[in-house]
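Read the structure below first, then the notes.
Order of the sequence lines fixes the chain letters, A, B, ..., with proteins taken first and strands second; residue numbering starts at 1 for each chain. We use all heavy atoms of the structure for the numbers below, so side chains are in, but hydrogens, waters and symmetry mates are not.
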Amino acid sequence: MNHFSIFAPLNFSNRINKEKMEYNFAEIEPKWQKYWEENKTFKTTDDFSKPKYYILDMFPYPSGAGLHVGHPEGYTATDIFSRYKRMKGYNVLHPMGYDAFGLPAEQYAIQTGTHPAITTQKNCDNFRRQIKAIGLSYDWDREINTTDPKYFKWTQWIFKQLYNTWFDENLQKGRPIAELPIPEEIKASGKAAVTKYMDEKRLAYYDNAQVWWCDSCKTVCANEEVLTDGSHEKCGHPVVRKNLKQWLLRIPHYAERLLQGLETLDWPAGVKDMQRNWIGKSTGAEVDFEMEGLSEKLRVYTTRPDTLFGATYMVIAPEHALIEKITTPEQKAAVEKYQQQAALKSDLDRTDLAKEKTGVFTGRYAINPVNKKLIPIWVADYVLMGYGTGAIMAVPAHDTRDFEFATEFNIPIICILDPKDVAGRDDILAGKKCWTEDGEYINSASEETGLNINGLNKAQGIKTTIEWLERKGIGKATTNYKLRDWLFSRQRYWGEPFPVIHWEDGEVTLVEDENLPLELPEVEKYLPGETGESPLVNSHDWLMVTDKNGRKGRRETNTMPQWAGSCWYYLRYIDPHNEKEIFDVKKEQYWMPVDLYVGGAEHAVLHLLYSRFWHKVLFDLGIVSTDEPFQKLFNQGMILASAYETANGAKVASDLVEEKNGKFFHTETGEELKQIVAKMSKSLKNVVNPDDVIERYGADSLRLYEMFMGPLDERKPWAENGVKGVFNFLNRVYRFFTELENITDGEEDKEVEKLLHQTIQKVEFDIEHLKFNTGISALMIFNNLAIKKGKVTKNTAETFAKILAPYAPHMAEELWSLYGHKETLAYEPWPEVNQSLLVEDTFDYPVSFNGKTRYMKALPVGLPVAEVEKEVLADERTQKWLEGKSVKKMIVVPGRIINVVVG
RNA sequence: GCCCAGGUGGCGGAAUUGGUAGACGCGCUGGAUUCAAAAUCCAGUUCUGGCAACAGAGUGCGGGUUCGAUUCCCGCCCCGGGUACCA
């Protein structure tokens, strides 16, 4: 590799042939990629003496389609950051892997009979090739794959930890199931009762569950995977309800911890908000209502116990357990009919028909505890059994849903909260309009019960009422969460098998650690059954087990969802080849938490919530050392592309579009088309493949353009001309900085030297703040000046190569070696900014009159304000703006601006 | 409906968060080079008027605060993301 030296035969003076001076990225880039690979340049050592930095990408699902330009966006950003941090002296962990379990490989297997492992292997190889072609500085020795038994051995092991953990409400902490206190009466009831009691406390449990079922994928899916329109996130087909025996994880136990933890994280506010909304904490009270003629009480949950005086009816969900008892004989038929209708409606319909409220009277009355008034109990499907107690007190005057219902069924509306100075107050007081904001209570006192909140505001009213309820023993302050148990099994082949055996006597045991991993059996058919059983049931030898006492058992045939592998992969990178432990404790303590995590916003509540949950359990069990896994999170914006549509909005695939004089036409119909910006998609044929970009412009251009497009976190359209722009920049860099005649000895030009240091500072600041677009702009500005000046010193050229390196590493290595260095510049210290060079003697003040800038005036820095004013008034250009007017005031902001107020 | 982001030239986007709006790049216009083209180099490019100097307008719309507003406040409009009868 003698091309590393300027004294070698390839040196500049011999390069007379112009063609040799051209920027030949196709030769340079593979050369450096080979160098990095052969020298293991980016191999990370566990050198605990150095400060660490863990920079993580969301690992990809290796689809058959390969990478699209959206992948390298985040990967390039983290790569720039990683390369920069290495030059800053950090020990950087920057790994890559594959989240390779999942449906597409299995669908392909169903169609072709090809084992998903083969498809997966092929796709991973392709992804690796594509990623390496971008010149990303991963430590490839740490590559992981969630489908590798050596990896999912530990996924199964973590499942066992979840199974063997219960949540101690008092300590707000997960604890080993062995530490679970068993009540004496349970113990007395025998072993089965104890087992049942423990199963009810485990974080992982097996139970009949009303689940979402996707008939297209033949599998269940988690709440989080069902989109707003009731379709499956993976395939877009509508999901339906089904009752199946399933594994679930008790994530709601961690609701409060998951909520609290957000406060400590440097995450985008939007993602935190989404997680908060998803967890959905609400505080209020549970209140017991007596019912006329029944001994049972009806318990409701409300966030507004203060509005009890305004409760004019009650509503129970159609599935409510007490519905039969509550319903009077006269209303039985009507209620049963309503129940049937509700059962027939899918959940989707129930929410879709949100506009029209439906319901039926049960015939029964409840007694309002605050004033002993009788109020009717209705059944309506706008009350959901799955939240709170499945029953509410309805306060139509102060709740919009109750207001709609009451209006529909002519139920009294009593205003108890005076909004005071608000337009429409009279309507509100008359119960003709709903008021949900604060105000002052009226009609809220009862001598009989002793509660009086008249005159108080909302906060006081809630507090006073809850105190009253608790004193009376008919209610208590309660917190509710929307977060539900996480449905954790899928009826598929291509996933982690559960390390679980169901024995003929009903006992459930877990596979011993030494028998992990439990690998997937070979099967002939990958098609899942219609009934919700995975293809694993067909693998008899694998399925049936017998213990040493001859007891027969059957393995769990569900597999884990794709989230399982991605829940903890960041931990395995720390010690990926450890066969004895999930990872070495010392290494975990050194590397965790992840310092920077970059990926798409689509994982805001799925992966990122699940991961945090698992991590907190592992933390409680003392397996990991941090409470949260990802300290800083950054979402890259989606990359969009041009697309075309007809006048009536029909999309047209890009290969059916031709351009004429800046306008676009349909090649078949000749219709003029509108150019729009849309997501890249196969159907629109507007997907940009990084391979093509690299072939035409090189990896450094791809990297540079991905970063130059705009702010990392914003969505932005791909434009080929933009790639040409950065390619042009690299050409100019190459032409100038590889021409030895331009690289001189001696003193640097003052202007060049000053801009160089400004550029170092700007590039550094922008990398630290992930503002890569403006960093590149600064590099361009410096390059433009260097070219204009025609020469720079060798020291300047080398410094420029260093600050260019994180962005365009191939180019930078090429320059560095041409300047005579034999080692990579990946670990060269980042240049220091010489602050003294950045100090200005004079500042070019914009002088404005009444806020409008009129001329520029250079004045010495540090000139006293009075002197500045004098100089400005003495300037002849000032006179023009003073004609016929006088100076009223003068604002001088030193080093910023001068504003003369005239009038 | 609610929550969160955003709206700046022909285009992608800058603006050190109250201080020269439009950096940098694309595109376009003119010029140099070339037999010609590509490539490259030089100059110009927010809009309107003017040969120009220069003047006026201008950061979605309407108000406000301020010497000064893309930036802060109030009220709207539009686009994107999330969520949706959660009591």
Side-chain angles (χ1 to χ4, degrees), chain A residues 22 227-228 268-278 280-282 284 300-304 307 315 350-355 357 380-384 386-395 399-402 404-405 480-484 601-602 604-605 635 637-638 640 662 677 704-705 708-711 713-726 728-729 731-732 735 761-762 765-766 769 771 773-781 783-784 787-788 844-856 888-893 895-903:
Chain A
E22 286 306 308
L227 300 181
T228 321
V271 176
K272 287 191 187 184
D273 277 335
M274 280 165 71
Q275 293 217 349
R276 280 190 201 105
N277 288 338
W278 195 263
K281 181 178 181 173
S282 83
V300 303
Y301 172 71
T302 176
T303 54
R304 297 292 306 272
T307 59
V315 186
R350 255 169 94 160
T351 49
D352 242 18
L353 297 171
K355 281 159 196 99
K357 291 268 186 297
D381 64 6
Y382 82 92
V383 171
L384 308 173
Y387 185 79
T389 61
I392 62 160
M393 64 175 207
V395 185
D399 180 285
T400 50
R401 295 150 303 183
D402 298 345
E404 278 174 37
F405 190 86
N480 260 310
Y481 300 91
K482 288 189 213 172
L483 191 64
R484 306 296 160 80
E602 66 274 17
V605 284
N635 294 128
M638 193 182 295
L640 308 170
V677 168
L704 233 30
Y705 179 61
F708 190 61
M709 290 174 84
D713 54 354
E714 268 168 42
R715 46 165 46 207
K716 40 207 176 283
W718 185 270
E720 170 114 12
N721 276 338
V723 190
K724 283 185 199 162
V726 293
N728 216 352
F729 162 66
N731 268 296
R732 284 161 59 84
R735 272 197 297 273
Q761 190 172 48
K762 175 72 176 157
F765 180 90
D766 285 351
H769 294 85
K771 291 170 68 165
N773 52 335
T774 49
I776 293 169
S777 157
L779 290 166
M780 286 172 168
I781 293 168
N783 187 47
N784 288 345
I787 289 170
K788 199 170 152 193
D844 212 13
Y845 277 98
V847 182
S848 52
F849 293 82
N850 289 341
K852 281 218 176 285
T853 305
R854 296 304 179 179
Y855 66 84
M856 304 301 291
K888 283 190 164 173
K889 197 175 172 182
M890 225 165 152
I891 312 279
V892 177
V893 184
R896 286 277 194 202
I897 199 170
I898 298 162
N899 189 22
V900 187
V901 186
V902 297

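- Scanning all heavy atoms of the two residues, the minimum distance from A/Asn480 to A/Gly388 falls at ND2-CA, 3.7 Å.
- Contact between the side-chain N/O atoms of A/Lys771 and the OP1/OP2 oxygens of B/rU17 is not found at any separation under 4.0 Å.
- Nucleotides B/rU65 and B/rC28, compared at atom P, are 47 Å apart to the nearest Å.
- Using P as the reference atom, B/rG44 and B/rG9 are 23 Å apart when rounded to the nearest Å.
- A heavy-atom distance below 4.5 Å is not found between the side chains of A/Asn899 and A/Phe849.
- At a threshold of 4.5 Å between non-hydrogen side-chain atoms, the residues A/Thr302 and A/Ile392 do not count as touching.
- The partner of B/rU65 is absent, by the rule that a Watson-Crick or G-U pair needs both atom distances under 3.5 Å.
- Base engagement by A/Arg484 is indicated by at least one non-hydrogen atom pair under 4.0 Å involving a base atom.
- Each of A/Met709 and A/Ile392 was matched to the nucleotide of RNA chain B holding its nearest heavy atom; the match closer to the 5' end belongs to A/Met709.
- A/Asp713 comes within 4.0 angstrom of no nucleic acid atom, judged by non-hydrogen atoms across all strands.
- Scanning all heavy atoms of the two residues, the minimum distance from A/Val315 to A/Ala394 falls at CG2-CB, 4.5 Å.
- Here the nucleotide nearest the side chain of A/Arg854, chosen from B/rU16, B/rA87, B/rA55, is B/rA55.
- Distance, A/Lys889 NZ to B/rU66 P: 10 Å, rounded to whole Å.
- Distances from the side chain of A/Asn899 to the nucleotides B/rG68, B/rC85, B/rA23 place B/rG68 closest.
- Following rounding to the nearest Å, A/Met780 (CE) and B/rG12 (C1') show an atom-to-atom distance of 12 Å.
- To the nearest angstrom, C1' of B/rG25 lies 13 Å from CG of A/Asn783.
- With sequence neighbours left out, the salt bridge (Lys or Arg N to Asp or Glu O under 4.0 Å) criterion links A/Lys771 to no other residue.
- Listed nucleotides B/rA87, B/rC67, B/rU40 differ in distance to A/Asn728; the shortest reach to its side chain belongs to B/rU40.
- With a 4.5 Å cut-off on side-chain heavy atoms, A/Ser848 and A/Ile897 count as touching.
- When both distances must be under 3.5 Å, the Watson-Crick or G-U wobble mate of B/rC41 is B/rG31.
- Using a 4.0 Å heavy-atom criterion, one finds that A/Lys272 contacts no nucleic acid atom at all.
- Figure legend. B/rG9 is base-paired to no nucleotide; pairs are counted as Watson-Crick or G-U wobble with both atom distances under 3.5 Å.
- Looking at which nucleotide of RNA chain B each of A/Ala778 and A/Tyr301 is closest to, the 5′-most match is held by A/Ala778.
- Between B/rG62 and B/rU8, the two P atoms lie 16 Å apart (nearest whole Å).
- Nucleic acid contact for A/Met890: none, since no nucleic acid atom lies under 4.0 Å from a heavy atom of the residue.
- In B/rG9 the base sits syn relative to the sugar, since the glycosidic angle is no further than 90° from 0.
- Residues A/Ile898 and A/Met890 are in side-chain contact: their nearest non-hydrogen atoms beyond the backbone lie under 4.5 Å apart.
- Rounded to a whole angstrom, the distance from the P atom of B/rA21 to that of B/rG31 is 33 Å.
- Comparing atom distances between the A/Phe708 side chain and each of B/rA57, B/rC24, B/rA14 picks out B/rC24 as nearest.
- B/rU16 and B/rC26 have their C1' atoms separated by 25 Å, with the value rounded to a whole Å.
- Residue A/Asn635 places no side-chain N or O under 4.0 Å from the OP1 or OP2 atom of B/rG81.
- Of the candidate nucleotides B/rU20, B/rC26, B/rG68, B/rC26 has the atom nearest to the side chain of A/Asn721.
- With both ends at atom C1', the span from B/rU71 to B/rA14 equals 14 Å, rounded to whole Å.
- Of the P atoms belonging to B/rA84 and B/rG68, the separation is 47 Å, rounded to the nearest Å.
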Fill in: CA sep, side-chain torsions, deciding dist, call: A/Glu22, A/Asn731, side-chain contact (heavy atoms from CB on, under 4.5 Å)
CA-CA 8 Å; A/Glu22 286 306 308; A/Asn731 268 296; 4.2 Å; yes

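- When rounded to the nearest whole Å, the span between CZ of A/Phe729 and C1' of B/rA23 equals 15 Å.
- Counting distance only, with no hydrogens placed and no angle test, the side-chain atoms of A/Lys357 and the base atoms of B/rC85 include a donor-acceptor pair under 3.5 Å.
- A/Tyr387 has its OH atom 14 Å from the C1' atom of B/rA84, to the nearest Å.
- Looking at the side chain of A/Arg715, the nearest of the listed nucleotides B/rG80, B/rG27, B/rC85 is B/rG80.
- In this structure B/rA87 sits in no base pair that meets the Watson-Crick or G-U test at under 3.5 Å.
- Phosphate proximity of B/rA87 to A/Ser282: present, with a side-chain N or O under 4.0 Å from OP1 or OP2.
- For the P atom pair drawn from B/rC54 and B/rC74, the interatomic distance equals 41 Å after rounding to whole Å.
- Within 4.0 Å (heavy atoms only), A/Val893 reaches at least one base atom of the nucleic acid.
- Counting non-hydrogen atoms under 4.0 angstrom, A/Pro268 reaches nothing in the nucleic acid.
- Of all nucleotides listed (B/rC4, B/rU16, B/rA23), B/rC4 comes nearest to the side chain of A/Asp273.
- Atom-to-atom, CD1 of A/Ile898 to P of B/rC67 comes out at 18 Å; the value is rounded to the nearest Å.
- B/rA23 is unpaired under the criterion used here, namely a Watson-Crick or G-U wobble arrangement in which both key atom distances are under 3.5 Å.
- In summary, the side chains of A/Ser282 and A/Tyr387 do present a donor paired with an acceptor at a separation below 3.5 Å, with no hydrogens or angles considered.
- Checking B/rA87, B/rU20, B/rG19 against every side-chain atom of A/Pro846, the shortest atom distance belongs to B/rU20.
- Here the nucleotide nearest the side chain of A/Asn773, chosen from B/rG13, B/rU20, B/rC85, is B/rG13.
- Nearest nucleotide to the side chain of A/Ile891, out of B/rC67, B/rC85, B/rU20: B/rC67.
- Residue-level contact check: A/Gly388 touches neither bases nor backbone, having no heavy atom under 4.0 Å from any strand.
- Per the geometry, CZ belonging to A/Arg896 stands 16 Å off C1' belonging to B/rC67, to the nearest Å.
- Look at NZ on A/Lys852: it is 7 Å from P on B/rG56, rounded to the nearest Å.
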